[in-house]
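First listed ligand is number 1; within each ligand, the first listed atom is number 1.
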Amino acid sequence: MNILAFESSCDETAAAVVRDGRHVLSDAIASQADMHAVYGGVVPEIASRKHVEVIAALTDKALTGAGLQKSDIDAVAVTYGPGLIGALLVGVNFAKSVAFALQKPLIPVHHLRGHIAANYIAFPELEPPFLALCISGGNSMLVDVRGYTDMSVLGATRDDAAGECFDKIARVLGLPYPGGRPMQDLAEGGDDAKYPLPRAKVAGNDLDMSFSGLKTAAVNLIHNTGQKGEALDRSSLAASVTAAISDELVPRAMEAAKRCGHRVLVAAGGVAANKRIRADLEKSCAEDGIRLYLPPLSLCGDNGAMIGAQAYYEYLAGAQADSSLNAYATLEW
Ligand code: KG4
């Protein structure tokens with residue numbers, strides 16, 4: 001089954017063709033990151049306009065890259081949430097039009113389910129059940145994946161996402177947007193214990209997380225150091241921030257896997273590209289005898305292939321939409 005999949009939830013427009021959920025025939029992506037970098041973050045209005053400009057050309061590119069004609073497409077899939085509402089609407093409306101024109105089924109896909117499914121592309125042997133650590137620019141959550149479409153959230157951030165925390169601290173340090181990768185580079189060779197930063201404990205669900213206190217502590221530290229005329233060890237600050245973010249994520253992921261009885265842990269999302277977090281996950285999983293799947297860097301960020309992969313399983317489970325499909329900035333699992 002050839003699925004033509006669209007992703008436009010934030011600042012990447014993507015169109016891909018995926019066969020039977022696992023084989024990527026093409027994956028065309030147009031990133032707008034450079035345009036938003038000027039403003040230090042994503043400007044929703046610009047994001048929507050850029051999606052409109054490139055989505056048709058990307059579709060042609062995806063079909064040509066796959067060596068297919070429109071008539072070879074069996075279904076159309078699209079991210080319908082969560083994300084920036086204006087950006088999502090571009091993908092949803094375009095996908096609705098394509099599905100209508102081709103007279104093919106339309107499959108709505110949850111963005112974070114897509115991030116998890118990126119791992120099905122990279123690891124042919126991977127099948128649920130497993131515990132997923134989803135860490136992106138907009139979300140941080142632990143998901144009990146019982147089946148391809150049967151999953152529930154065990155814990156999530158109460159405020160900022162891990163990626164948002166990286167991005168906002170990076171911005172105050174004068175690093176380019178998105179700040180996760182520059183923070184990783186800056187942290188290289190830094191002392192991760194030099195700056196004591198808070199590790200949040202939240203009341204209630206102990207698998208929930210919080211990153212806003214850490215963000216504020218790091219930003220205040222940067223400003224106070226400057227006001228006192230002291231030199232900031234930028235590299236050690238980046239390393240200390242990364243250690244604090246990892247300490248927030250990794251022990252909770254291990255605990256969540258233990259509680260569900262999962263022996264497999266899967267990482268997903270842009271922040272899963274982080275070297276330190278990957279190394280900490282590897283160490284903890286080796287200690288606890290848990291099999292770890294880390295997506296290749298090319299599949300950590302937003303892409304269309306992951307939407308096409310998840311769409312296949314959604315289709316098998318009977319998920320189909322009609323022309324009334326809407327986009328949602330927030331969306332339950
Ligand atoms: O999954 P993604 O591409 O978009 C969303 O769905 O949100 O994630 C983007 C986030 C950004 O916050 C970016 O700074 C972060 O992933 N990121 C990283 C790294 N590469 C990207 N964070 C930490 N370390 C990295 N190497």
Return the orientation label for the Y328 and Y80 ring planes: parallel under 30°, perpendicular over 60°, tilted otherwise.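 Perpendicular: the ring planes of Y328 and Y80 meet at over 60°.
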
Locate the shortest heavy-atom distance separating S31 from A33; write the atom from each residue and the value.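 Shortest heavy-atom contact: OG-N, 3.2 Å.
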
Residues in ring-ring contact (aromatic ring centres under 6.0 Å, His included) with Y315, at least two apart? none

Apply ring-ring contact (aromatic ring centres under 6.0 Å, His included) to F94 and list each qualifying residue two or more places apart in sequence or on a separate chain.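 Checked F94 against ring-ring contact (aromatic ring centres under 6.0 Å, His included); matches are F6.
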
Within 6.0 Å of CD in E332, more than 12 heavy atoms from elsewhere: no

Test of understanding: with salt bridge (charged side-chain N to carboxylate O under 4.0 Å, His left out), list the residues that count as partners of R252, not counting sequence neighbours.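 Salt bridge (charged side-chain N to carboxylate O under 4.0 Å, His left out) list for R252, sorted by chain: E248.
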
Ligand 1: protein residues within heavy-atom distance under 4.0 Å: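 Residues within 4.0 Å of ligand 1: H111, H115, S136, G137, G138, G163, F166, D167, P178, G179, G180, R181, Q184, G269, G270, V271, A273, N274, C300, G301, D302.
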
